[in-house]
Every structure is written in structure tokens, then in C-alpha cells.
Amino acid sequence: KRLRFVMDCSGSMYRFNGYDERLNRCLEATVLIMESFEGMENRFDYSIVGHSGDSAAIPLVNFGRPPANEKERMRILQTMVAHAQ
């Protein structure tokens with residue numbers, strides 16, 4: 001099965017994070033997705049893209065190339081924060 005997750009990386013996520021921690025929750029959800037599918041590569045193929053006002057699809061995780069370790073997952077989260085700023 002192929003799944004695509006679209007995460008909000010818009011500027012409002014960063015701007016209003018101080019009020020309701022929406023960016024933090026989005027990052028936590030992204031980690032949850034990546035960790036949930038770890039070891040399930042033979043059953044599920046997934047990708048994660050970011051969406052913002054500047055770009056319709058920011059590639060974060062491509063189909064068939066899930067993050068292999070914590071360092072790669074952290075880089076994906078850093079990319080999300082960088083696009084939200």
C-alpha cells in the first residue's frame with residue numbers, strides 16, 4: 001500500500017507556535033508517522049511532503065526511501081521548521 005502524508009509547513013505554523021504549539025504538534029505527528037512505519041517497509045510505502053504558501057509540495061520523504069535512523073528523521077524535522085520560518 002502506498003500512502004502520502006501532507007504536512008503544513010506554512011509561515012503561520014511558526015508564527016502562532018508560541019500561542020498553541022501547533023508547529024511542535026505537527027513535528028511530533030511527523031515523528032510518530034516515521035517511527036510507526038519503521039520495519040514495515042515491505043507492507044507499506046509512504047512519502048511525506050510539506051505544503052506552504054510558497055510551495056505546493058516540499059519533498060521530505062520520498063516513496064521507497066524512508067529515513068534509516070534518528071539523524072535522518074531529525075533532518076526532516078529541521079527542513080520542516082526551516083520552511084515554516
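Any value given below was found using the heavy atoms of this structure, including those in side chains, with hydrogens, waters and symmetry copies removed.
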Pairwise side-chain contact, H51 with C9, heavy-atom cut-off 4.5 Å (strictly under):
no
Between Q78 and I76, is there a donor-acceptor pair closer than 3.5 Å when you use the side chain of the first and the backbone of the second?
no
Could you tell me whether E38 and R73 have a side-chain N and a carboxylate O separated by less than 4.0 Å?
yes
For the pair N17 (side chain) and N24 (backbone), establish whether a donor and an acceptor sit closer than 3.5 Å, ignoring hydrogens and angles.
yes
Please step through side-chain contact (heavy atoms from CB on, under 4.5 Å) for the pair T30 and F5, ending with a clear verdict.
CA-CA 9 Å; T30 305; F5 297 94; over 6 Å; no
Under 3.5 Å, is there a donor on one side chain and an acceptor on the other for D54 and S52?
no
When you measure from the centre of the six-membered ring of F63, is the NZ or CZ of R2 closer than 6.0 Å and no more than 45° off the axis?
yes
May I ask whether V61 and L3 are part of the same hydrophobic cluster, defined by side-chain heavy atoms of I, L, V, M, F, W, Y residues being less than 4.5 angstrom apart, directly or through others?
yes
Out of curiosity, does V49 fall in the hydrophobic cluster containing Y14 (side-chain heavy atoms, cut-off under 4.5 Å, transitive links)?
no
For residues R22 and R25, determine if any side-chain heavy atom of one lies less than 4.5 Å from a side-chain heavy atom of the other.
yes
With side-chain contact (heavy atoms from CB on, under 4.5 Å) as the criterion, how do R43 and M40 come out once you've worked through the C-alpha distance, each side chain's angles and the decisive distance to 0.1 Å?
CA-CA 5 Å; R43 293 187 63 202; M40 303 288 284; 3.6 Å; yes
Are any non-hydrogen side-chain atoms of I48 and M34 less than 4.5 angstrom apart?
yes
Any side-chain heavy-atom pair from Y46 and P66 closer than 4.5 angstrom?
yes
Donor-acceptor check, side chain of N62 to backbone of R65, threshold 3.5 angstrom: yes or no?
no
Count I, L, V, M, F, W, Y as connected when their side-chain heavy atoms are under 4.5 Å apart, and connections chain through other members. Are V31 and I33 then in the same cluster?
yes
